[in-house]
2 protein chains.
Amino acid sequence: MQNKYLVIYQDLLEQIEDDIHPVDSYLPSENELKAQYQTSRETVRKALTLLSQNGYIQKVRGKGSVVLPQNKFDFPVSGLVSFKELRDKLGEDNKTHVLALETRLPSRHIKKQLLIDDDDMSTLVTKVIRAREINGEKVILDKDYFLAEKISGLTAQVAQDSIYQHLEGTLGLSISFAKKEITVEDPTEEDRDSLDLDGFHNIVVIKNYVYLDNATLFQYTESRHRPDRFRFVDFARRHH
Amino acid sequence: MQNKYLVIYQDLLEQIEDDIHPVDSYLPSENELKAQYQTSRETVRKALTLLSQNGYIQKVRGKGSVVLPQNKFDFPVSGLVSFKELRDKLGEDNKTHVLALETRLPSRHIKKQLLIDDDDMSTLVTKVIRAREINGEKVILDKDYFLAEKISGLTAQVAQDSIYQHLEGTLGLSISFAKKEITVEDPTEEDRDSLDLDGFHNIVVIKNYVYLDNATLFQYTESRHRPDRFRFVDFARRHH
DNA sequence: TAGTGGTCTAGACCACTAA
DNA sequence: TAGTGGTCTAGACCACTAC
């Protein structure tokens, strides 16, 4: 966070969130920012590009950078956000039940998801299954599969709290990007057993393939939501 | 498309898709590309950054740019893609039924979505309702609301073909970005009337707020999918 | 040590907006 | 016309990887 462009990004973001730059107003021009921060214009532009990509501003040629309507109330399920971060933002009554935690040879299906060769009989996978309770009802079932060699010290207590904090904080792993697929499916036996499905006939399934900095796939996750507790918000720019 | 960095981007993208740079291989280094294209390194980097943002490569410090597993088979519902583009890629048996097309004063609800003041009694909105048929079944209901002043010449024929092509091609409007929300809801009377719901008890609802280049909101769309015909794929980078 | 990508600079010219 | 953002350049120094 000592990079100049990140400092500028954080500063401006904070100012937008504090309403110092209200919606529909213009940020200082690139030349003004360049003078303010004693830097070059390209560095200022890097910060503004980041803001633009994350949906905070829109740059308009000949005019300036407009502040867009806030994402404040949006579920930040877009991008990569863990349940813990979500929970902290939502402030609702939440609980996590760790239903399983074991390391072993993966099934054929899991091998396929994690791009492990079918003949490979040595790569171990750590499986974590957790039910998420919101306001007294179990509404999300998270099934995580990690390459065991990459994660050590994954205890029930860690799974209870935040695996991502463990990975990024304690282990120093750097999660880089993920591919996600959202579909709607029929509930499985396991869904019925582990969740409070009430009368719901469908389950929203989010399949997540998570990659590290060095482009290696290291986690496959299935997050299974009761439909009424599912919401996904996305910001997308059109690439011409 | 005459920008140097876009040319480099397109070239590399094509080479990746043609398997000249297979998955897990490295692209030429930035210095090599700089020499190849007779340009500066920053311009090369701009192209590579675009590839990275769109999920085609991962840049690894000290090593190079690795080609990631392909998005080829992914539904490109992520980002901003119209039904027509989708249809073209899918090549399935598709049809569009235009159920309504009219321009009038909007309801209170639509005013709210399009950020029109409640007291405003002059701003007209064009409503288009279309049912999408795939393999003989009507499975998607698209309800579009446009600021009428921005779109002219929107006929049933255009709605039948592609509104986006009309907007970007004929009218020269530049769609810039959109905010999307995905939820699962109970079907309405209208859903039951317009779609072949079979036994399905839920509808996947995608609410879309579309903005132009100059940061003005000009379209609100509700796309209502039968759950078995819904799939959403997303690529997301983690911003540290 | 050589080669890679990450950041930063100080300029330049262009296209567009608004007065 | 003055001010804005969009593109591009030719360097520089740094951090990391691999040999």
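Note on naming: letters A, B, ... go to the chains in the order of the sequence lines (proteins, then strands), and numbering restarts at 1 for each one.
- Within the 4.0 Å cut-off from OP1 or OP2 of C:dT9, at least one side-chain nitrogen or oxygen of A:K4 is found.
- Looking at B:R237, its side chain does come within 3.5 Å of a backbone N or O of B:S52 through a donor-acceptor pair.
- The pairing partner recorded for C:dC14 is D:dG5, the criterion being a Watson-Crick or G-U wobble arrangement whose two distances lie under 3.5 angstrom.
- A straight line from CG of A:L27 to C1' of D:dG3 spans 16 Å, rounded to a whole angstrom.
- Along DNA chain D, the nucleotide closest to A:G62 and the one closest to A:E42 are compared, and the more 5′ of them pairs with A:G62.
- With A:K127 contributing its side chain and A:Y145 its backbone, the two residues share no donor-acceptor pair below 3.5 Å.
- Contact annotation: B:K46 does not reach the phosphate of D:dC8 (side-chain N/O to OP1 or OP2, under 4.0 Å).
- Considering only side-chain N and O atoms, A:T43 lies nowhere under 4.0 angstrom from the phosphate OP1 or OP2 of C:dT7.
- With distances taken from any side-chain atom of A:K63 to the nucleotides C:dT9, D:dA18, C:dT17, the minimum falls on C:dT17.
- Under 4.0 angstrom from either OP1 or OP2 of D:dT4 there lies at least one side-chain N or O belonging to A:S29.
- Look at CG on A:D213: it is 14 Å from C1' on D:dT17, rounded to the nearest Å.
- Atom CG in B:L51 sits about 13 Å away from atom P in C:dG5, given to the nearest Å.
- With rounding to whole Å, B:Y26 atom OH is found 12 Å from D:dC16 atom C1'.
- Judged by distance alone, the side chain of B:E181 and the main-chain N or O of B:N208 form no donor-acceptor pair under 3.5 Å.
- Regarding contacts with the backbone of C:dC8, every side-chain N or O of A:Y5 stays at 4.0 angstrom or more from both OP1 and OP2.
- Separating the NZ atom of B:K34 from the P atom of D:dC8 is a distance of 16 Å, rounded to the nearest angstrom.
- Distance A:Y37 OH to C:dA10 P: 18 Å, rounded to the nearest Å.
- Salt bridge annotation for B:K59-B:E30: present, with a cationic side-chain nitrogen under 4.0 angstrom from a carboxylate oxygen.
- Atom P of nucleotide D:dT4 and atom CD of A:E30 are separated by 9 Å, given to the nearest angstrom.
- Between D:dT9, D:dG5, C:dT7, one nucleotide has an atom nearer to the side chain of B:R45 than all others, and that is C:dT7.
- Rounded to a whole Å, the CZ atom of A:R61 is 21 Å from the P atom of D:dA2.
- When distances run from any side-chain atom of A:N3 to the nucleotides C:dT4, C:dT7, D:dC8, the shortest one goes to C:dT7.
- One donor-acceptor pair, N or O on each side, does fall under 3.5 Å between the base of C:dG6 and the side chain of B:R41.
- Ring centroids of A:F235 and B:F177 are separated by less than 6.0 Å, placing the two rings close together.
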